[in-house]
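Quick notes on the structure that follows.
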Amino acid sequence: MSADLKFPKSFLWGTATSPTQVEGHVVNEWTDYVASDGGNCRVACDQYHRYEEDVNWMTRLGVNAYRMGIEWSRLQAAPFAPLNQNELARYIHLLDCLKAANITPMVVLHHFSNPPWITASGGWLNPATIPAFVDYAAKLSAALKDRVYLWNTFNEPDTYASLTYLLGGFPPFRKWHFRSYWKVIKHMAEAHAQTSRAIRQNKFSRPPEIGIAKNWTSFGAFQAFALWDHLLAEASHHAFNRFVLDEFLGGERLEASTFLGVNYYGRARLNHFCALVPTNNVSPEELKNFGIISDDMFERHPTGFGKILKKFHERYGLPIYITEHGAASNDQDFRIRDLTAHLLELHAAINHGVDVRGFFYWSLLDNFEWQFGYSKKFGLLSVDFNDEKLPRKMTRVGEFYRGICSGVSADPRIGLAK
Ligand code: NOJ
């Protein structure tokens, strides 16, 4: 960013992770899962033991915010159980380390994982999960009210519900269970509303901010004449975007949120019912032939970022945090261009009047990318998973982001398509 691109003074420049992806030693539905590259999450980046080191790295990066999850399965051994005091103390110590480093935490309550006793009782298909989650959130927020004011209830409910019950990517690996997808979203939206009330019951030293993180993917047809692809794109948009947003933010439900978190990675264009993205096994050569620019996961579409921010601003009027954006690639120059292109869009949206309060780069570390294991490199810091000490190393994207966090310039003319 050039020095004359000014972001708001109080802007949060952060980075993000989730417990199953970085902590290691979790006991949830992912523990026994083996990813497509043969990896598992049993040790991951071992942040469970190395969080002090990671906070030091954050200081070196110059971030002033960290979006982190708290793993429900560590804190409660059964529904409505008291919080495990040892595990709570560890998270409190992490929060205190962050505070000492002047890093504001945003806590995510649900990031694609559940305690085994929730899974055993039917997970988010079972309405009894709602009061159990609300109880957890009430107890946790009471314990952390003096340390945390930014609460992110659910991370990407649409991704979670679709990969568990429509696309077979996440445990329990069901496919095309439309009714289950619908139920999970309904239950999570209700849990979000009740959790928001429960969090607000506490006397906070700073008023709490509460919201979900919505993944935004725009869907379209690759070829203008392909009516069938337009229809599928419209149906996908309706199921993954409209329906989900209406459940969480429609009508009176809007009052449950004080902000909207946006996870933005790009778009999916359909060609004869096939989404032209690497995660759908479309090879880099094929994507190149279609003229599609992607990282190792999704098609890049920076201009869609600016557009959706303006749309969210007009539709909901809520302050926005970019709870995730990042690119997975071994090509550091590509990742730097990608970040630049998205930050230029973000800056333009802010200038247009959109109230964006922070940006969290996904991710602090290379980590366990769910079905794909360790093959996707999203980190500002790389991690050597072949060395049992799991050493972290600054990447060039990390250096670049450090410049942004500290307001030092970089070339804003870099175009993504270079
Ligand atoms: C969104 C998810 O919240 C996160 O867990 C994942 O690693 C990134 N997208 C990248 O796919």
Side-chain angles (χ1 to χ4, degrees), residues 14-24 26 28-30 33 35-37 39-41 44-45 47 66-72 106-114 152-164 167 169-171 184 188 211-218 240-241 244 248 260-268 275 277-281 294-301 305 308 321-330 334-335 338-339 342 358-383 385 397:
T15 181
T17 58
S18 88
T20 304
Q21 294 179 271
V22 299
E23 283 183 351
V26 287
N28 62 33
E29 65 269 58
W30 290 95
Y33 175 79
S36 57
D37 69 347
N40 64 55
C41 66
C45 309
Q47 197 190 64
Y66 182 42
R67 177 174 176 259
M68 53 174 266
I70 290 192
E71 177 66 13
W72 185 7
M106 173 184 279
V107 163
V108 185
L109 294 172
H110 188 275
H111 197 130
F112 301 167
S113 64
N114 302 285
N152 182 176
T153 54
F154 288 95
N155 174 67
E156 299 194 355
D158 47 317
T159 306
Y160 175 76
S162 60
L163 282 166
T164 46
L167 305 172
F170 284 6
V184 169
M188 285 186 158
I212 60 161
K214 172 73 181 80
N215 165 55
W216 183 265
T217 302
S218 53
F240 301 134
N241 293 330
V244 177
F248 280 88
L260 174 60
V262 178
N263 291 4
Y264 186 85
Y265 289 91
R267 69 178 164 184
V277 287
T279 48
N280 194 27
N281 291 325
S294 77
D295 70 344
D296 294 346
M297 300 279 291
F298 314 104
E299 181 182 358
R300 304 280 110 179
H301 186 42
F305 188 35
I308 194 57
Y321 288 93
I322 310 308
T323 32
E324 288 183 27
H325 173 75
S329 174
N330 287 322
F334 175 85
R335 292 179 64 200
D338 171 83
L339 178 56
H342 285 83
F359 176 93
F360 294 82
Y361 190 87
W362 185 271
S363 177
L364 172 67
L365 302 161
D366 286 344
N367 63 45
F368 177 73
E369 178 58 30
W370 313 109
Q371 319 94 295
F372 307 104
Y374 296 94
S375 55
K376 311 290 179 191
K377 306 294 184 194
F378 277 103
L380 293 170
L381 306 171
S382 65
V383 178
F385 293 103
V397 188

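Worth saying up front: this structure is predicted, and the values here are computed from it rather than measured. As the structure lists them, so they are numbered: ligands from 1, and atoms in each ligand from 1.
- Residue contacts with ligand 1: Trp370 is placed with a nitrogen or oxygen under 3.5 Å of a nitrogen or oxygen of the ligand (distance criterion only).
- In summary, the aromatic rings of His110 and Tyr160 are positioned with their centroids under 6.0 Å apart.
- Nearest non-hydrogen protein atom to atom 1 (C) of ligand 1 is Glu324 OE1, 2.9 Å.
- Note on ligand 1: His111 sits in its first shell, one or more heavy atoms being nearer than 4.0 Å.
- With hydrogens left out, the protein atom closest to atom 6 (C) of ligand 1 is Glu369 OE1, 3.5 Å, a heavy atom.
- Short contacts between ligand 1 and Met297, defined as distances under 4.0 Å to a heavy atom of the residue, involve ligand atoms 11 (O).
- When all heavy atoms of Asp366 and Cys45 are compared, the closest pair comes out as O-SG, 3.2 Å.
- Applying the 4.0 Å criterion to heavy atoms of Asn155 picks out, from ligand 1, the atoms 2 (C), 3 (O).
- Checking Tyr265, Phe368, Phe298 against atom 8 (C) of ligand 1, the nearest heavy atom belongs to Tyr265.
- Lys214 is linked by a side chain to side chain donor-acceptor pair (under 3.5 Å) to Asp158, Asn241, counting only residues two or more places apart in sequence or in another chain.
- Nearest heavy-atom pair across Ala268 and Thr217 is N-CG2, 3.8 Å.
- With ring centers used as reference points, Phe305 lies 6.0 Å or more from Trp216.
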Inset, instruction - Run the numbers on Tyr265 and Arg300 for side chain to side chain contact (heavy atoms under 4.5 Å, CB included), then give the verdict. - result: CA-CA 7 Å; Tyr265 289 91; Arg300 304 280 110 179; 4.1 Å; yes

